[in-house]
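Below is one structure, written out as structure tokens, with a few remarks after it.
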Amino acid sequence: MKKVLIKISGQLFDHDGASFNKEFAKSFCAQLVELQKTMQCGIVIGGGNFFRGHQHGQQLELPRSTADTVGMLATMMNGVILHNFLRNAGIDALLLSAVYAPQVAPIISQEAIDQALRKNQCIIFAGGTGNPFVSTDTNAIIRALQINADQVWKATTVDAVYDADPKKNPTAKAYKHLSYQEVISKQLNVMDGAAIALAQEHKIVIRVFDVFAPNALLQAAHNQTIGSTIS
Ligand code: UDP
């Protein structure tokens, strides 16, 4: 079965000032139920709805590595919540954490991943990489490689990669296809440089699309031209 790694930003859970968007989580899980009939999915979850290292850490005058530790814990909170939503939707999901927290989730290891894949479980990867100074985007590429997925779907709030912020600049141009090199040289704000470089080295295709569009995940599965593709 084809495998895909879906990266969801914590930002997607922000809703009306609340830290978690129940309606989005429910719709996401319902689509995943369908998607799993044809694809095996892994999920990397961010933590930006609770804490983003560089941003919130600066406000609190925290050293970056301390701030990133809080950020990684934020991804674990989202992971615990999403795990529960997935299970309520009837999905056999497994939460794994890069941060050692045995009361919360088993630690990520290749053995645990392979075992879950054999059982056809949907793995939620929480705790980032377990290391500061990197983002969950880099983590998404690493976990895609670990589950042997050839695509990473970056689920966002915009329908494509643009040459400028489409919310601020109405003439911004959307890209259908980009090379890794173009993303780096044009300094497009898709994923951090480390993530793009790793994806390029291992030929992981990155697809960026609006996850709030109707049935976005199912559309992405059936139509390779949805959103922007980096390859
Ligand atoms: N983080 C980290 N190492 C990682 C992944 C995440 O230190 O491998 C921290 C970092 O502070 C980041 C926060 O966790 O700001 C939440 O992740 P991210 O900002 O990528 O989440 P998103 O914006 O996707 O919700």
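For ligands, and for the atoms within them, numbers begin at 1 and follow the listed sequence. All heavy atoms count here, side chains included; hydrogens, waters and symmetry mates do not.
For the residue pair Gln36 and Gln31, no side-chain donor N or O sits within less than 3.5 Å of a side-chain acceptor on the partner. His177 and Ser228 share no side-chain donor-acceptor pair at under 3.5 Å. Residues Thr138 and Asp192 bring a donor and an acceptor atom of their side chains to less than 3.5 Å of each other. Side chains of Arg143 and Gln146: a donor on one and an acceptor on the other come within 3.5 Å. Side-chain contact of Asn120 with Asp92: a donor-acceptor pair under 3.5 Å is absent, judged by distance alone.
The backbone of Pro132, and not its side chain, has at least one atom closer than 4.0 Å to an atom of ligand 1 (non-hydrogen atoms only; backbone = N, CA, C, O). Residue Asp137 does not touch ligand 1, judged by heavy-atom distances below 4.0 Å. With a 4.0 Å heavy-atom cut-off, ligand 1 is reached by no atom of Asn139.
Here the side chain of Thr136 pairs no donor or acceptor atom with the backbone of Asn139 at under 3.5 angstrom.
In terms of polar-atom proximity, defined here as any N/O pair under 3.5 Å, Ile8 makes no such contact with ligand 1. Of the polar atoms of Thr75, none of the N or O atoms is found under 3.5 Å from an N or O of ligand 1, judged by distance alone. Geometrically, ligand 1 and Val134 share a nitrogen or oxygen pair separated by less than 3.5 Å. The distance criterion of under 3.5 Å between nitrogen or oxygen atoms is not met by Gly130 with respect to ligand 1. Considering backbone and side-chain N/O atoms, His54 never comes within less than 3.5 Å of an N/O atom of ligand 1. Where the criterion is an N or O separation shorter than 3.5 Å, residue side chain and backbone included, Asn49 fails it with respect to ligand 1.
Salt bridge status for Lys7 with Asp137: present, with a side-chain N to carboxylate O gap under 4.0 Å.
Here Phe13 and Phe24 bring their ring centres to under 6.0 angstrom of each other.
Residue Phe51 approaches ligand 1 through these ligand atoms, each under 4.0 Å from one of its heavy atoms: 13 (C), 16 (C). Interface atoms of ligand 1 facing Gln11, defined by a heavy-atom separation under 4.0 Å, are 25 (O). Each of the atoms 24 (O) of ligand 1 lies under 4.0 Å from some heavy atom of Lys7. Less than 4.0 angstrom separates some heavy atom of Gly10 from each of these atoms of ligand 1: 22 (P), 24 (O), 25 (O). Against a heavy-atom cut-off of under 4.0 Å, Thr129 is close to the following atoms of ligand 1: 4 (C), 8 (O). Interface atoms of ligand 1 facing Gly46, defined by a heavy-atom separation under 4.0 Å, are 21 (O), 22 (P), 24 (O), 25 (O). Close approach to Gly48 involves these atoms of ligand 1, each under 4.0 Å from a residue heavy atom: 21 (O), 22 (P), 25 (O). Per-residue contacts place Gly128 under 4.0 angstrom from the following atoms of ligand 1 (heavy atoms of the residue considered): 4 (C), 5 (C), 8 (O).
Protein heavy atom nearest atom 9 (C) of ligand 1, with residue, atom name and distance: Asp68 O, 3.6 Å.
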